[in-house]
Amino acid sequence: MLSRTDFEILFRSHYSSLCSYANGFLKDVDASEEVVQEVMFKLWAGRETLVIESSMKGYLFRAVRNSCMNTFKHLKIRDEYKVYHETRGMEDQRSLEDEMIFTELEQKVRLAIDNLPLERRKVFIMSRYDGLTYNQIAHKLDISVKTVENQMGKALKSLREELADYLPWVVLFLFDILRK
Amino acid sequence: MNQNRQDIDENLLLQYLLGNADDESGMKIAAWLNADSRNSKQLDQLEALWLETGRLVPPPVPVDLQKAWKNISTRIDKHEKMHASSKSTTIGRRYIYYAISAAATVILVLGIYIVMRLVTGRVKEVEIATNGLVIKKTLTDGTKILINRNSKLTCPENFPVGNRLVKLTGEAFFEVARNPSAPFVVDAGIAKVKVLGTVFNVSAYPGKDVLVTVSEGRVLFFTASANNNDTLSVILVAGMSGIYKPGSARPEILKNPLPDNLFWANRTLEFTRTPLSEVFKLIEQYYGVKVSVGNQDILDCQLSATFVNDPADRIMDIIAESFGLNVSLTNGIYYFKGNGCTKGNN
């Protein structure tokens, strides 16, 4: 049976990517954290009799996905989801496991981002993934533009240095794509 | 910017890669690249990093892992304690119950009816009713509530795991302690408000519209329709107000929130392009002062400003300064002099 220590390791190693996964459906970080914590709690509460057929990781991602679906049902934005589902199309149907198995490089990149201090991580994510300008980020986080620049610079530097051993490999062929 | 070598940092290089750098920076970077082969390697790495991070689908989210773990371990401790005290022959059945609920679908939002039934069914409740006075109350979870006159708030003595539900008749100002694993729901009869941790005001006097004003964070303002078990909702963020009229289909965002919604709770006046004619009326009402103007055009000036707990003198000074007016105080009357504004032109 799952011990408290095992559970903590499980939680710590998957929490961030589960939240990211949930956020892909819900587009709401708070709600995503809520869903993931609920799933993790239920796992703990039911650990004595729970039978997990595939992998623990597979179970967690499936449970999070089901929870998100239920949230949709409840909020009656299923229609929106349907659109999302259709746009993702076959790829989504193929296999849930495929979605969750990140390549080694992707896992390293995610881990490196997760390891940034919280504010720096927020700045980086808002800039890279939400497409916000430094001005908009400064406004949202209630910090100065100078600080945003600073944090972004530090984020890029530490990510680059941490991932340095893996990055040069990619660049060779990505360069061509970029230049087209 | 100066021309020392420290100019070339990751930020500038990124702007260069994204094509946002101006010519001058571009030339500087070109020189820098030529100066040392390690520099061009650095730029390559940065480019690869930018491309690689862009391939993450779904994108990462900035969660606070420490906080989340603390949260869930507290919850587990509570759960274990509850369990230890009730260890008996029912234990097997309990676990089967958990296993079924976990293995089938893990339901997060149980439907507000179920939650409410569970809560009202078995928990000892506390009721706070006010008549002539405003009462301040801190709940067991750390949430602070200011209850306005002639209002009633009902809540369980201790919140059960996983949800926090209070009932309100009348008006109250909430400062909810954040807890993502236990949403805080205000049941105002015909409409409800759900939050994770924010500051907001709910006004729900019997027979009147339900009004919600958000000062910080974000709330879900919703009504549950009994016939199809569905909810109709709007999300309100800081600075917004929502209204639900009894009998109407769903809550709506209030386009022109009242500037004095929160005055009773924290002496806030929030004006958004409000003509000074109205501003002065409210200040006269709340501060017991008189205002007069030497020029009617002054009353057309539109003020956008938020005053929190400011004395009348200060508010008047700020107004005067905003519109280039002069203000003087004689015998309790604030007198404004100056050109004022012409309509539609501020």
Side-chain angles (χ1 to χ4, degrees), chain A residues 4 8 11-12 15-17 19-21 23-24 29-30 32-35 37-46 48-51 63 66-67 69-71 74-76 105-106 109-110 113-114 118 121-122 125 128-129 149 152-154 156-157 159-160 163-164 167-168 170-171 174-175 178, chain B residues 9-14 41-42 44-65 68-69 71-73 75-76 79 83 92 95-112 161-162 180-181 183 196-197 218 230-233:
Chain A
R4 181 84 175 234
E8 179 165 356
F11 185 90
R12 287 184 183 275
Y15 186 73
S16 171
S17 47
C19 287
S20 149
Y21 183 61
N23 193 53
V29 179
D30 280 344
S32 304
E33 287 202 62
E34 214 181 320
V35 163
Q37 292 200 13
E38 194 64 24
V39 165
M40 294 302 297
F41 178 73
K42 291 243 164 99
L43 170 71
W44 175 258
E48 285 184 19
T49 48
L50 193 64
V51 180
N66 287 342
S67 274
M69 295 305 108
N70 279 311
T71 308
H74 183 70
L75 293 176
K76 220 195 174 173
L105 177 63
E106 187 173 347
V109 176
R110 280 184 189 270
I113 294 173
D114 283 347
L118 190 59
R121 188 155 27 116
K122 280 186 183 163
I125 288 174
R128 183 68 186 100
Y129 301 101
E149 275 174 15
M152 188 68 186
K154 283 182 182 159
L156 290 169
K157 186 161 193 284
L159 289 176
R160 182 177 60 74
L163 298 167
L167 290 172
V170 207
V171 80
L174 280 176
F175 238 105
L178 195 77
Chain B
D9 63 0
E10 312 275 336
N11 243 319
L12 185 67
L13 291 176
L14 176 64
K41 192 175 168 208
Q42 182 182 337
D44 287 353
Q45 283 176 342
L46 188 67
E47 178 165 31
L49 172 71
W50 194 252
L51 292 169
E52 265 321 300
T53 52
R55 284 150 57 108
L56 300 185
V57 178
V61 289
V63 293
D64 188 340
L65 183 59
W69 171 250
N71 209 328
I72 198 143
S73 30
R75 211 173 147 195
I76 285 174
H79 172 81
H83 237 67
Y95 278 123
I96 290 169
Y97 164 75
Y98 281 123
I100 291 169
S101 60
T105 45
V106 187
I107 297 168
L108 165 73
V109 189
L110 280 165
I112 197 74
V161 176
S181 58
L196 299 173
R218 199 170 32 145
D230 205 357
T231 56
L232 297 165
S233 62

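When reading the values below, keep in mind they use all heavy atoms of this one structure, side chains included, and skip hydrogens, waters and symmetry mates. Proteins come first, then strands; the chains are lettered A, B, ... in the order of their sequence lines, and each starts at number 1.
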Atom group of B:Leu14 that falls short of 4.5 Å from chain A, counting heavy atoms:
side chain
Return the CD1 to CE distance between B:Ile76 and A:Met40, rounded to the nearest 0.5 Å.
8.0 Å
I'd like to verify something: which residue of A:Leu159, A:Asp114, A:Asn23 has the highest number of heavy-atom pairs under 4.5 Å with chain B?
A:Leu159
Taking every heavy-atom pair that is under 4.5 Å apart, which of A:Arg128, A:Lys157, A:Arg121, A:Arg4 has the most such pairs with chain B?
A:Arg128
Among the listed options A:Met152, A:Glu149, A:Arg12, the residue most often paired with chain B at heavy-atom distances under 4.5 Å:
A:Arg12
Nearest heavy-atom neighbours spanning A:Gln37 and B:Ile72:
O-CD1, 3.3 Å
Under the rule for ring pair (Phe, Tyr, Trp, His ring centres under 6.0 Å), what residues qualify as partners of A:Tyr129, not counting sequence neighbours?
none
Which atom pair, heavy atoms only, marks the closest approach of A:Lys122 to B:Pro62?
CG-CB, 3.6 Å
List the atom of A:Ile125, the atom of B:Pro60, and the distance in Å for their closest heavy-atom pair.
CG2-O, 3.6 Å
Backbone N or O of B:Pro59 within a donor-acceptor pair of the A:Ser20 side chain at under 3.5 Å?
yes
Between B:Arg55 and A:Glu106, does the side-chain contact (heavy atoms from CB on, under 4.5 Å) criterion hold? Intermediate values first, please.
CA-CA 8 Å; B:Arg55 284 150 57 108; A:Glu106 187 173 347; over 6 Å; no
Distance, nearest 0.5 Å, that separates CG of B:Leu65 from CD of A:Glu33
9.5 Å
Atom group of A:Ile113 that falls short of 4.5 Å from chain B, counting heavy atoms
side chain
Partner residues of B:Arg75 under the side-chain contact (heavy atoms from CB on, under 4.5 Å) criterion, sequence neighbours left out
A:Glu38, A:Phe41, B:Val161, B:Ser181
